[in-house]
Amino acid sequence: MSELNKIKLFVALGVVLTFVLGAISHFIYQWSGKNVIAGLLFATNESIWEHIKLALLPMFVFFIIGGFLFAKKVNNYFFAVFCCLLVTINFVIFSFLGYTIYTRKSILPFDITIFALSIILGFLTAYRIFFLKKFKYLNVVGLIGIIGIAIAFFTCTYHAPQIFLFEELYVF
């Protein structure tokens with residue numbers, strides 16, 4: 001199998017595994033008896049912020065493993081990961097807010113579709129960046145960004161700001 005095909009397979013597996021593991025992880029915090037450590041990693045409530053974590057943990061794990069396999073075989077690996085996370089986060093936020101402005105409620109099939117599309121778009125973004133010209137400092141920017149996202153999600157789980165992203169939503 002060529003390197004290009006391996007990278008394509010890596011991205012396709014990332015999409016599928018992130019979706020499946022993210023869907024399963026929706027329930028882990030409750031199954032754990034609301035364990036504090038589980039709360040750092042998995043959704044603790046029905047807010048937009050906590051639902052973004054459904055994609056982020058599988059993505060983090062997948063890209064850590066992928067880093068050992070592909071970081072030296074593609075360009076700007078860590079920057080690509082950072083951009084993947086940003087695209088996923090922003091697509092969830094803006095798509096969800098976009099449709100709920102009109103519907104005034106959350107609709108589960110729409111939410112699942114947004115979740116799937118955010119993952120696909122995130123991984124496609126990473127794939128495209130893998131093949132851009134290599135820039136010397138982009139991976140440093142990417143690593144700083146990835147660490148920043150991780151810190152934000154760990155911190156905001158138990159110290160959430162009082163803004164709409166952290167308000168509990170109910171699916172109808």
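Annotation for Phe68: atom CZ does not count as buried by contact number, only 12 or fewer foreign heavy atoms lying within 6.0 Å.
Taking all atoms of both residues into account, the shortest heavy-atom contact from Ala43 to Leu54 is CB-CD2, 3.8 Å. A pairwise comparison of heavy atoms in Ile114 and Val92 identifies CG2-CA, 3.9 Å as the closest pair. Taking both residues in full, the closest heavy atoms of Met1 and Lys6 are given as O-CE, 3.4 Å, listed atom of the first, atom of the second, then distance. Across every non-hydrogen atom of Phe154 and Leu41, the tightest pair is CE2-CD2, 3.8 Å. Gly98 and Tyr102 make their closest contact through O-CD1, 3.2 Å (heavy atoms, listed as atom of the first residue, atom of the second, distance). Closest approach of Gly39 and Tyr158 over heavy atoms only: CA-OH, 3.3 Å.
Under the rule for a ring pair (Phe, Tyr, Trp, His ring centres under 6.0 Å), Phe91 has no partner lying at least two apart in sequence or in another chain.
When hydrophobic residues (I, L, V, M, F, W, Y) are linked wherever their side-chain heavy atoms come within less than 4.5 Å, Ile37 remains an isolated member.
Side-chain contact between Met59 and Phe123 is present, with heavy atoms from C-beta onward closer than 4.5 Å. Side-chain contact between Leu56 and Ile89 is present, with at least one heavy-atom pair separated by less than 4.5 Å. Using a 4.5 Å cut-off on side-chain heavy atoms (C-beta onward), Leu9 and Asn5 make no contact. Side-chain contact between Phe63 and Phe78 is absent, with no heavy-atom pair separated by less than 4.5 Å. Side-chain contact between Lys134 and Asn76 is present, with heavy atoms from C-beta onward closer than 4.5 Å. For the pair Leu21 and Phe62, the minimum side-chain heavy-atom distance is 4.5 Å or more.
Remark: the backbone N or O of Ile119 is not paired with any side-chain donor or acceptor of Thr88 at under 3.5 angstrom. Using modelled atom types, no side-chain atom of Glu46 and backbone atom of Glu168 make a donor-acceptor pair closer than 3.5 Å. Checking side-chain atoms of Ser47 against main-chain N and O of Glu50 turns up a donor-acceptor pair under 3.5 Å.
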Please report the C-alpha distance between Ile120 and Phe19 in whole Å, then the side-chain angles of each, then the deciding distance to 0.1 Å, and finally whether the side-chain contact (heavy atoms from CB on, under 4.5 Å) criterion is met.
-> CA-CA 9 Å; Ile120 292 167; Phe19 182 80; over 6 Å; no

Assess whether side-chain contact (heavy atoms from CB on, under 4.5 Å) is satisfied between Phe42 and Phe27, documenting all intermediate values.
-> CA-CA 8 Å; Phe42 305 104; Phe27 307 100; over 6 Å; no

Please walk me through it: do Phe131 and Tyr127 pass ring-ring contact (aromatic ring centres under 6.0 Å, His included)?
-> CA-CA 7 Å; Phe131 299 104; Tyr127 179 80; 5.1 Å; yes

Show the numbers, then the answer: is there a side-chain contact (heavy atoms from CB on, under 4.5 Å) between Leu132 and Leu138?
-> CA-CA 11 Å; Leu132 293 178; Leu138 280 184; over 6 Å; no

Please test Leu86 against Ile149 for side-chain contact (heavy atoms from CB on, under 4.5 Å), starting from the C-alpha separation and ending with a verdict.
-> CA-CA 9 Å; Leu86 282 181; Ile149 289 171; 4.2 Å; yes

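Here the NE2-OG distance, from His51 to Ser106, works out to 8.0 Å after rounding to the nearest 0.5 Å. Annotation: the span from Ile107 atom CD1 to Thr100 atom OG1 amounts to 9.0 Å, rounded to 0.5 Å. The distance from atom CG of Asn139 to atom OH of Tyr77, rounded to the nearest 0.5 Å, is 10.5 Å. The distance from atom CD1 of Ile163 to atom CD1 of Ile48, rounded to the nearest 0.5 Å, is 9.5 Å. Rounding to the nearest 0.5 Å gives a distance of 11.0 Å between CG of Leu85 and CD1 of Ile52. Taking CD1 of Ile64 as the start and CG of Leu69 as the end, the distance is 12.5 Å to the nearest 0.5 Å.
Note: Phe82 and Phe79 have tilted aromatic rings, judged against thresholds of 30 and 60 degrees for the angle between ring planes. Relative orientation of the Phe10 and Phe70 rings is tilted, given thresholds of 30° and 60° on the angle between their planes. Using cut-offs of 30° and 60° on the angle between ring planes, the pair Phe110 and Tyr99 is perpendicular.
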